[in-house]
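Only one structure is covered here, and it is reproduced in the block below.
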Amino acid sequence: MARQERAIRTRRTILEAAAAVFDERGYTSATIGEILDRAGVTKGALYFHFGSKEELAVGVFEEQLAITLPPQSSKLQELVDSGLVLARRLRSEPLVRASVGLALDQGAMDLDRTPAFRMWFDQNVQRLAEAKAKGELLPHVDVAESAELLVGSFSGVQLLSQLRCQRQDLERRVVVMFEHLLPSIAVPAVLTRLDISAERAEWVLGRVQVQVQGQVQVQGRAPEGAVRAQVPSGA
């Protein structure tokens with residue numbers, strides 16, 4: 001078990017180093033050597049977990065979704081929560097910033113960025129499909145089209161926030177995005193019950209932290225997924 005925990009920590013260290021180098025240098029300019037130096041691990045350790053620089057990028061992509069949010073009675077509330085939490089994590093977690101940066105890196109011609117958007121798109125499709133099955137969406141709503149619109153809108157909103165103020169107002173901008181988009185797809189009675197506020201992300205992340213701490217207390221150690229779900233103390 002100790003060996004498995006060391007492997008989990010090593011993988012996390014490598015991902016954090018790769019994220020920092022990708023964020024600073026861009027995918028194309030980043031080298032495995034720089035990532036090794038930043039991580040302080042051997043080449044063998046890196047290639048045990050990741051077979052190439054592209055596999056490292058995919059690992060960084062996955063950090064966008066590497067968190068389990070508390071379930072809600074409304075699937076649309078879960079959709080809102082995921083967007084607001086992603087906005088908050090973009091401001092506080094380098095791995096998530098690097099993930100979004102890689103996905104939108106126009107200069108990374110030799111990197112297939114499709115998986116990043118596919119994971120994000122599929123998550124939104126699932127939540128919207130569940131919302132429609134529960135009667136939370138208007139009858140005319142096309143789930144796939146709505147998911148694509150949300151992904152594209154969030155991408156543009158976060159980029160504008162980054163350029164204007166280093167994402168300091170990102171939660172508020174995402175709130176505005178939802179306030180404009182949701183009335184076109186949500187049943188009015190459901191819409192009035194949604195909590196779409198900039199403070200919502202902080203509350204949800206607090207619940208995540210409580211869940212992780214509860215798992216640690218019950219099991220007597222950090223579960224394998226806890227390392228990825230923990231929120232930085234500054235969040």
Closest approach of Glu136 to Ser74 (non-hydrogen atoms, all atoms of both residues): OE1-OG, 3.0 Å
Audit row: His180, Val176, side chain to side chain contact (heavy atoms under 4.5 Å, CB included) steps and yes/no: CA-CA 6 Å; His180 281 74; Val176 172; 3.6 Å; yes
Side chain to side chain, Gln158 and Leu86, heavy atoms closer than 4.5 Å: no
Any donor-acceptor N/O pair, Thr10 side chain to Arg6 backbone, under 3.5 Å: yes
Check: Gln123 main-chain N/O paired with Arg127 side-chain donor or acceptor under 3.5 Å: no
Inter-residue atom distance Gln162.CD - Arg91.CZ, 0.5 Å rounding: 13.5 Å
Check: Ala201 main-chain N/O paired with Glu171 side-chain donor or acceptor under 3.5 Å: no
Single-linkage hydrophobic cluster Tyr47~Ile14, side-chain heavy atoms < 4.5 angstrom: yes
His140 atom NE2: more than 12 heavy-atom contacts under 6.0 Å: yes
Any donor-acceptor pair under 3.5 Å from Lys43 side chain to Ile32 backbone: no
ILVMFWY cluster, Leu69 and Trp203 together (side-chain gap under 4.5 Å): yes
Distance-minimising heavy-atom pair for Leu181 and Ser184: O-OG, 2.6 Å
Close side-chain approach of Val208 to Val85, heavy-atom, < 4.5 Å: no
Steps toward side chain to side chain contact (heavy atoms under 4.5 Å, CB included) verdict (Val175, Arg200): CA-CA 10 Å; Val175 166; Arg200 175 78 182 181; over 6 Å; no
Considering all heavy atoms, the nearest Gly59-Leu15 contact: C-CD2, 3.6 Å
Euclidean distance, Phe178 CZ relative to Leu191 CG, rounded to 0.5 Å: 12.0 Å
Check against side chain to side chain contact (heavy atoms under 4.5 Å, CB included), Phe117 and Ser155: CA-CA 10 Å; Phe117 286 99; Ser155 298; 3.9 Å; yes
CZ (Phe48) with more than 12 external heavy atoms under 6.0 Å: no
Note, Leu111 side chain near Phe61 side chain (heavy atom, < 4.5 Å): yes
Separation between CZ of Phe22 and OG1 of Thr28, rounded to the nearest 0.5 Å: 10.0 Å
Leu76 with Leu138, same ILVMFWY side-chain cluster at under 4.5 Å: yes
Flag, side chain of Lys75 to backbone of Ala133, donor-acceptor distance under 3.5 Å: no
Non-hydrogen side-chain atoms of Leu84 and Arg88 separated by less than 4.5 Å: no
Spacing of Cys165 atom SG and Arg172 atom CZ [to the nearest 0.5 Å]: 13.5 Å
Leu205 and Ile67, any side-chain heavy atoms less than 4.5 Å apart: yes
Nearest non-hydrogen partners of Ala19 and Pro94, listed with the distance: CB-O, 4.3 Å
Closest approach of Arg207 to Pro70 (non-hydrogen atoms, all atoms of both residues): CB-CG, 3.6 Å
Distance (rounded to the nearest 0.5 Å) between Leu159 CG and Arg167 CZ: 8.0 Å
Under-4.0 Å salt bridge between Lys134 and Glu130: no
Non-hydrogen side-chain atoms of Leu36 and Val41 separated by less than 4.5 Å: yes
If you look only at distance, which donor and acceptor atoms sit under 3.5 Å apart when one is on a side chain in residues 142-153 and the other is two or more places apart or in another chain?
unit_1	atom_1	unit_2	atom_2	d
Asp142	OD1	Ala144	N	3.1
Asp142	OD1	Glu145	N	2.9
Ser146	OG	Asp142	O	3.0
Ser153	OG	Leu149	O	2.7

Side-chain donor or acceptor of Gln72 paired with backbone N/O of Glu78 under 3.5 Å: no
Donor-acceptor under 3.5 Å (Gln77 side chain, Asp195 main chain): yes
Non-neighbouring partners of Arg97 that pass side chain to side chain donor-acceptor pair (under 3.5 Å), sequence neighbours left out: none
Residues Arg25, Glu34: salt bridge by 4.0 Å N-O rule: yes
Gap between atom OG1 of Thr13 and atom CD1 of Ile35 - 0.5 Å precision: 13.5 Å
Lys132 side chain to Val141 backbone, donor-acceptor under 3.5 Å: yes
Parallel, tilted or perpendicular: rings of Phe154 and Trp120 (30°, 60°): perpendicular
